[in-house]
Each structure stands twice: as C-alpha cells, then as structure tokens.
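Below is one structure, written out as structure tokens; comments come after it.
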Number of protein chains: 2
Amino acid sequence: MLKLTRKVEYALIALRHMQAMKPGKLTSAKEIAEAYGLPQQLLAKTLQQMARDRIIEAVQGPSGGYRILSNLDKISLKDFFEKLEGPLGIMDCYFDSDCVQIGACNIRVPIQRINENMRNMFSKMSLREVTQ
Amino acid sequence: MLKLTRKVEYALIALRHMQAMKPGKLTSAKEIAEAYGLPQQLLAKTLQQMARDRIIEAVQGPSGGYRILSNLDKISLKDFFEKLEGPLGIMDCYFDSDCVQIGACNIRVPIQRINENMRNMFSKMSLREVTQ
DNA sequence: TTAAATACGATAAAAATAGTCGTATTTATT
DNA sequence: AATAAATACGACTATTTTTATCGTATTTAA
Ligand code: FES
Ligand code: FES
C-alpha cells in the first residue's frame, strides 16, 4: 500500500548510480540495466523521460549515454515524483474531479489534510538525499 | 501514485458516517452503500474486516448493523492502514524480502529513510482526525 | 417461519502496471 | 561512405493488482 512504481524505483537506482560516478561521465542504459538486472528497454524509457524533464542529459550516438544535469539538491522528492508520475496525493478527487460521488462524499476535507501532509513531507526532502 | 485503495476509502467514508450519528446506534452496510453510492458487497466486506479488527462492532440479524467500537483517538492512521492493507511502505523490500535484486540494489538505505518518514507521519495522525 | 441482516470464500471483470517490439534517429569510429 | 552503438518513442502485449460480483451459510428480530 502506498507503493512506488517500478518506473520511479528504476529512476532512483539509475540516479544513484550516476551520482556515484565521476561528474560529467556518461552511463548508458545498458550498463545500468546489466549492473542491477533491470529490464533495459523500460529503464531506457524512464531515462528518456528524465532527460525530457531536464533532470539528466542524454547524449546520442555510440559511446553516448546519460549524465546528471540538474542540481539534485534543488529538486524535491515531490517534484521528482510528480514529474514521473503526475500529481501526488492519496486520492485523486482533487486533480481530476470526476469522482463519481463528489457531492455525496464526506471525506474530501480530511483527505485533503492528509494530502497536504504528504506533499509537505516530500517537498522537504531533496532528490539528493536519496541519491547520495 | 501513492494512492489509497477503494477499500480504505470506503472504510473512511463509513467510519465518518457512523461517527456522525448518535453513539451506539447501528448502521447497516446497505444504508451506507445507498447514501454514498458505493458497491454494497464490497463495502460490507470492508466493514466485516474492520469488525474482525475490533474497530467497529457487528450485530447480526434483521435490524442489525455496525457501530463504532474503539476509541478512534487511540488508533493511528498507520495502524488503521496496516490493518486493512498490510505493511505500509513505499517499497516492500523490507517486508517480503524476496526482491529479485537484493544485494545489487543501491537504494535500500535511502528508501528505508523515506519509509520511516511516512510511517512516522501516519503514526502521528489519529483515525479520529479523519472521521470527525 | 420468514425476512433482513452479517460472514465469507470463490470467482470474474476491469484497470493499472510492467515489459517488449519495431523502427527511426543520431553520431563516433573505421 | 559504411557500420555499429547508442538514444527516442509509439504501439502493443503480458502480468499483476484492484475492484466488484456471486453464491451460500449463519444469525436473529419480528
Ligand atoms: S470526492 Fe472522491 S472520494 Fe470523496
Ligand atoms: S529495490 Fe528491492 S532491494 Fe532495492
């Protein structure tokens, strides 16, 4: 319950791997996939998404790969999760308000409170804390 | 991402409903299901589980139903979630340690940290806060 | 005796997640 | 110029998890 997806898991593993190596050095998806036994194509997609989000930088061509681009101190875990997976919240009545029983519902307000606590918690943690 | 399940959602709605009525008064699964447009059988199962967990009390027979049993102030959201859904954590390498890549994994420690923050946060919130 | 309620295992349906495939593009190397 | 190794990405398939239903048993007030 309240689990991370594989996508996020793979992203964190990859970031931590890159963080541990010499700054600026490139790492390929294949390299990471083999090192941790991850499905290469899926990992690649995740890396590509992070590249689109400007968290990492992609270099094409042979001997290409990825390297960390942003200052990971400046990215909160909340932003990171939301970039990869969309809005963060224990229930999504707040984002796509197509919840069938809106109006009848009696837990919106308390859930809102929990959501805020969660978002607040993940806002205070930086991606760096996880990858270093 | 990091979403509550319907089971927990229905449980909260039901508890909040019961909390709002005269103490000791019974409410049937049917009544709640109709009031909020929930699938009755599924709601019933959730209520039955809460009864097994001694959060609410079940009374059988016609004009039976459920009523709040425990002091909701004394139940943390963490315990509540875990009763309904099992161990709470952003990743389950800690509970069922059958994670394929244990050993190779490089994010166990940081994830542990996040898990603790989450558990801590939900330990500090009582079920009462959500249902009142 | 009946009917309205809980109890609960088994199963089905639906949705979300995870993973693969095929093909295109980029570019260092030869 | 050709080759090969890498990223890019949409479409598809498979798997898992979640959600919902079904069928039947039990309890008990009326
Ligand atoms: S409005 Fe969606 S559960 Fe309350
Ligand atoms: S992801 Fe399972 S051990 Fe790290």
Side-chain angles (χ1 to χ4, degrees), chain A residues 1-11 13-14 18 25-34 36-67 69 81 84-87 90-92 96 98-101, chain B residues 1-11 13-14 18 25-34 36-67 69 81 84-87 90-92 96 98-101:
Chain A
M1 182 191 200
L2 299 174
K3 292 282 181 315
L4 249 44
T5 60
R6 293 272 182 238
K7 202 156 116 184
V8 173
E9 176 183 341
Y10 298 162
I13 290 176
M18 291 189 252
K25 186 148 185 312
L26 290 168
T27 314
S28 72
K30 190 178 180 197
E31 198 179 318
I32 299 174
E34 283 174 356
Y36 302 97
L38 312 180
Q40 179 179 333
Q41 304 236 57
L42 188 50
L43 170 66
K45 288 197 156 185
T46 306
L47 292 167
Q48 285 156 26
Q49 182 167 359
M50 284 198 285
R52 281 192 298 270
D53 291 336
R54 314 280 302 153
I55 295 168
I56 61 180
E57 180 186 24
V59 175
Q60 286 194 320
S63 80
Y66 303 89
R67 65 164 74 99
L69 178 61
F81 288 163
L84 291 184
E85 300 283 0
I90 224 147
M91 208 166 255
D92 33 30
D96 55 345
D98 61 345
C99 183
V100 214
Q101 58 149 29
Chain B
M1 183 196 198
L2 299 173
K3 290 282 181 315
L4 248 46
T5 60
R6 294 273 182 237
K7 201 156 116 186
V8 174
E9 176 183 341
Y10 298 162
I13 290 176
M18 290 189 252
K25 186 150 184 311
L26 291 168
T27 315
S28 73
K30 190 179 181 197
E31 196 179 319
I32 299 174
E34 283 174 355
Y36 302 97
L38 312 180
Q40 178 178 334
Q41 304 237 57
L42 188 52
L43 170 66
K45 289 201 154 182
T46 306
L47 292 167
Q48 284 155 26
Q49 183 167 359
M50 285 199 283
R52 281 193 298 270
D53 291 335
R54 313 280 302 154
I55 296 169
I56 61 180
E57 179 186 25
V59 174
Q60 287 194 319
S63 80
Y66 303 89
R67 64 165 74 100
L69 179 60
F81 288 162
L84 291 183
E85 300 282 0
I90 225 147
M91 208 166 255
D92 33 30
D96 54 347
D98 61 347
C99 183
V100 215
Q101 57 150 27

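Order of the sequence lines sets the chain letters (A, B, ...), proteins ahead of strands, with each chain counted from 1.
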In whole angstrom, what separates [X]'s [atom1] from [N]'s [atom2]?
{"X": "A:E34", "N": "D:dA5", "atom1": "CD", "atom2": "C1'", "value": "13 Å"}
{"X": "B:K7", "N": "D:dA20", "atom1": "NZ", "atom2": "C1'", "value": "13 Å"}
{"X": "B:Q48", "N": "D:dA25", "atom1": "CD", "atom2": "C1'", "value": "12 Å"}
{"X": "B:L43", "N": "C:dA7", "atom1": "CG", "atom2": "C1'", "value": "14 Å"}
{"X": "A:L42", "N": "D:dA14", "atom1": "CG", "atom2": "C1'", "value": "13 Å"}
{"X": "B:L26", "N": "D:dT28", "atom1": "CG", "atom2": "C1'", "value": "13 Å"}
{"X": "B:Q49", "N": "C:dG9", "atom1": "CD", "atom2": "P", "value": "11 Å"}
{"X": "A:L4", "N": "C:dA18", "atom1": "CG", "atom2": "P", "value": "10 Å"}

Heavy-atom pair of closest approach, residues [X] and [Y]:
{"X": "B:L43", "Y": "B:A14", "result": "CD1-CB, 4.2 Å"}
{"X": "A:Y10", "Y": "A:P39", "result": "OH-CD, 3.7 Å"}
{"X": "B:M18", "Y": "B:I56", "result": "CE-CG2, 4.0 Å"}

Supply the atom-to-atom distance [X] [atom1] to [Y] [atom2], rounded to the nearest 0.5 angstrom.
{"X": "A:T46", "Y": "A:E9", "atom1": "OG1", "atom2": "CD", "value": "10.5 Å"}
{"X": "A:Q49", "Y": "A:L84", "atom1": "CD", "atom2": "CG", "value": "5.0 Å"}
{"X": "B:Q40", "Y": "B:E31", "atom1": "CD", "atom2": "CD", "value": "11.0 Å"}
{"X": "A:I13", "Y": "A:I32", "atom1": "CD1", "atom2": "CD1", "value": "10.0 Å"}
{"X": "B:R52", "Y": "B:L47", "atom1": "CZ", "atom2": "CG", "value": "11.0 Å"}

Inset, instruction - Return the 5'-most residue of the pair B:Q41, A:Q40 with respect to DNA chain C, ranking by each residue's nearest nucleotide. - result: B:Q41

Inset, instruction - State, yes or no, whether a side-chain contact exists between B:L69 and B:M50 at a heavy-atom distance under 4.5 Å. - result: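 No, too far: nothing below the 4.5 Å cut-off.
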
Where do N or O atoms of nucleotides 3-5 of chain C meet protein N or O atoms at under 3.5 Å, pair by pair?
none

Inset, instruction - Check whether any side-chain nitrogen or oxygen of B:R52 sits under 4.0 Å from OP1 or OP2 of C:dA7, and answer yes or no. - result: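 Negative; the distance criterion is not met.
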
Which protein N or O atoms sit under 3.5 Å from an N or O of nucleotides 10-17 of chain C?
from, atom 1, to, atom 2, distance (Å)
C:dA10, N6, B:K45, NZ, 2.7

